[in-house]
2 protein chains.
Amino acid sequence: MLHVNTRQAILPHPVTVHIGLKPVETVKSFVNFIAPGEDLGVSETSPRLYRVVDGCLAVYHLLADGRRQITDIIGPGRAIAQQPAHDGNRSIKALTYTEVEVLDPAANPALAAETALEALMRLTRHATLLGRMNAAEKVANGLLDLAEQFPRKLRQGRPVLTLYLTRSDLADWLGLTIETVSRTLNQFKRDGVIDYAHAEIVTLTRPERLKEIASGNNPTTSARSSKGKAA
Amino acid sequence: MLHVNTRQAILPHPVTVHIGLKPVETVKSFVNFIAPGEDLGVSETSPRLYRVVDGCLAVYHLLADGRRQITDIIGPGRAIAQQPAHDGNRSIKALTYTEVEVLDPAANPALAAETALEALMRLTRHATLLGRMNAAEKVANGLLDLAEQFPRKLRQGRPVLTLYLTRSDLADWLGLTIETVSRTLNQFKRDGVIDYAHAEIVTLTRPERLKEIASGNNPTTSARSSKGKAA
DNA sequence: CGCAGTCTTGAGTGAGTTCAATCCCTGTGG
DNA sequence: CCACAGGGATTGAACTCACTCAAGACTGCG
């Protein structure tokens, strides 16, 4: 139901790009531009490998009654595999104007394998976040992840990130409600841990403190962990 | 710290086993027996592919302070890939005496690919469970999963399952506390949805009701869903 | 300038946690 | 054969974190 302005362009190939630390050679790529809210590859017939050049993708899973869980957020440099058969209600959509490189997994087996492995590792860590962390820990971890994936120029030596996610996206990613996300972010702001004026540009004013909160070390809210009682 | 009685046996090969619906041919397999509590392949140097012949494995992830999240439970017929470098605190342990077939992923690329794909799909659904479901829905979904993976002979036409998980395992799998798991199971028992006497053998006395609860249709507890407000 | 979408903030509530006591079962040793 | 110990499971009572409901503020847009 949204403005569909997907354009395509043939690129010179092969192309070499960096994922993680290893340069990965790719072949037969072309480029797609996706508008915010638009879905990725819903009508594909063959498995596809996508790599984000610029922008932000959200992988999500829907329940019959409309509940949504975003299982991963994908930024520039990272890749994602999309199965043809719309694998089990899993979809991918763009959270901003996003440029993706479309690749053939058969022609890029190394990237395909690495992509699957990274997805699994990230999702494992995210499952732990969802099942075993409280709101502050969830939001702190989310912010640190996004700061790595969507870095802007440092401001007075502090990391700055572009926040493509709305409060609703953050909530569906972190397993919270929008109100709790809003309250937690504003609490962090009041505590001087982060700062933002325009809501889509966030500065980590005390990144080391944020890391402490993310790992459960919370001196102020003394020893309030959650369910998983430390052994 | 536990009794280590891991034995190995060379098997005739190739061997054909069924995973899902497709028969998958494997080569150069041998068999490992793992005792309950024992870890799987902690000291491996090369990537390994394991397939459970009999028993039950738990894939889990630990936080620095001891909190634990079990990300998957693996029963007979299912496979799992273990990376050499102890991938990011992810470990695998046996919940009962378990017989696994050890395979070389390079020699079984089809199984390796399918294994990764299945792991990702299951973990995606589990993330949704962890982030967006209430206790009753979590436990109902968990039971239905286990009933498929660990079936026993039907009792009066009803599915029966072997429950290898303790309350503590269930809690760490479903993102709850042992008390909530216990209360929910006993509530199901009181409602006549499930039945058990010996705690490791559970009968689904009303499987269709359990499926309703699992999918959020809860007429009795009328319309008490959770955070993810139905769109 | 008004509308719609997003975000914030407050007040009240409740699902699930924490804490704690008890029970149950099995294995062990006198 | 029975007493005791220990791990797991159950149950109750109290609490609390995050949710629900609701109102208001902010922003961009037609």
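So you know, we letter chains A, B, ... as the sequences are listed, proteins then strands, and number each from 1. Source: prediction; values computed, not measured. Side chains are part of it too, since the values below use all heavy atoms of this structure and drop only hydrogens, waters and symmetry mates.
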### Partner set under side chain to side chain donor-acceptor pair (under 3.5 Å) for B:Asn141, not counting sequence neighbours
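With sequence neighbours excluded, B:Asn141 shows a side chain to side chain donor-acceptor pair (under 3.5 Å) to no residue whatsoever.
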### Message
Suppose we screen for side chain to side chain donor-acceptor pair (under 3.5 Å). Which residues come up paired with A:Thr162, at least two apart in sequence or across chains?
### Response
A:Arg152
### Query
Can you check whether B:Asp145 reaches B:His126 side chain to side chain, under 4.5 Å on heavy atoms?
no
### Task
Find out whether B:Leu163 and B:Tyr196 are in side-chain contact, i.e. whether some heavy atom of one side chain is under 4.5 Å from a heavy atom of the other.
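No, every pair of side-chain atoms sits at 4.5 Å or beyond.
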### Task
Could you check which of D:dA18, C:dT17, C:dT9 has an atom nearest any side-chain atom of B:Leu176?
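Ranking D:dA18, C:dT17, C:dT9 by closest atom to the B:Leu176 side chain puts C:dT17 first.
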### Message
Check the phosphate of D:dA18 against A:Thr177, side-chain N and O only, distance under 4.0 Å to OP1 or OP2. Yes or no?
### Response
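Looking at the OP1 and OP2 atoms of D:dA18, neither is under 4.0 Å from any side-chain N or O of A:Thr177.
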Please list each protein N or O that sits under 3.5 Å from an N or O in nucleotides 5-9 of chain D, with the distance.
residue, atom, partner, partner atom, Å
D:dA9, OP1, B:Arg167, N, 3.3
D:dA9, OP2, B:Arg167, N, 2.9

Can you tell me the distance, in whole Å, between the [atom1] atom of [X] and the [atom2] atom of [N]?
| X | N | atom1 | atom2 | answer |
| --- | --- | --- | --- | --- |
| B:Arg67 | C:dT18 | CZ | P | 10 Å |
| A:Asp169 | C:dG5 | CG | P | 16 Å |
| B:Leu130 | D:dA18 | CG | C1' | 17 Å |
| B:Leu170 | C:dG16 | CG | P | 16 Å |
| B:Gln187 | D:dT11 | CD | P | 11 Å |
| B:Glu137 | C:dA15 | CD | P | 13 Å |
| B:Lys138 | C:dT17 | NZ | C1' | 12 Å |
| A:His198 | D:dC26 | NE2 | C1' | 13 Å |

#### Entry: A:Asp195 with A:Arg158: basic N within carboxylate O range, under 4.0 Å
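No salt bridge links A:Asp195 with A:Arg158.
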### Message
Whether B:Asp72 and B:Arg78 form a salt bridge (side-chain N of Lys/Arg under 4.0 Å from carboxylate O of Asp/Glu) is what I want to check.
### Response
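Counted as a salt bridge, because a side-chain N and a carboxylate O are separated by less than 4.0 Å.
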### Task
State whether the side chain of B:Gln69 and the backbone N or O of B:Asp172 hold a donor-acceptor pair below 3.5 Å, judged by distance alone.
yes
### Task
For the pair B:Thr203 (side chain) and B:Val160 (backbone), establish whether a donor and an acceptor sit closer than 3.5 Å, ignoring hydrogens and angles.
no
### Message
Atom CD of residue position B:Glu148 - does it have more than 12 heavy atoms of other residues, nucleotides or ligands inside 6.0 Å?
### Response
no
Strictly under 3.5 Å: I want the nitrogen or oxygen pairs between protein and nucleotides 10-12 of chain C, one per line.
residue, atom, partner, partner atom, Å
C:dG10, N7, A:Arg183, NH1, 2.9
C:dG10, O6, A:Arg183, NH2, 3.3

### Pairwise 5' ranking along DNA chain D for A:Ala136 and A:Ala197, keeping only the more 5' one
A:Ala136
### Task
Quick one: list whatever passes salt bridge (charged side-chain N to carboxylate O under 4.0 Å, His left out) with B:Arg183, sequence neighbours left out.
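Salt bridge (charged side-chain N to carboxylate O under 4.0 Å, His left out) check on B:Arg183 returns nothing, list empty.
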### Task
Just report the end-to-end axis angle for the helix from C:dC1-D:dG30 to C:dG30-D:dC1, five pairs per end, to 10 degrees.
20°
### Message
Please find the pair of heavy atoms, one from A:Thr180 and one from A:Thr184, that lie closest to each other, and give the distance.
### Response
O-OG1, 2.7 Å
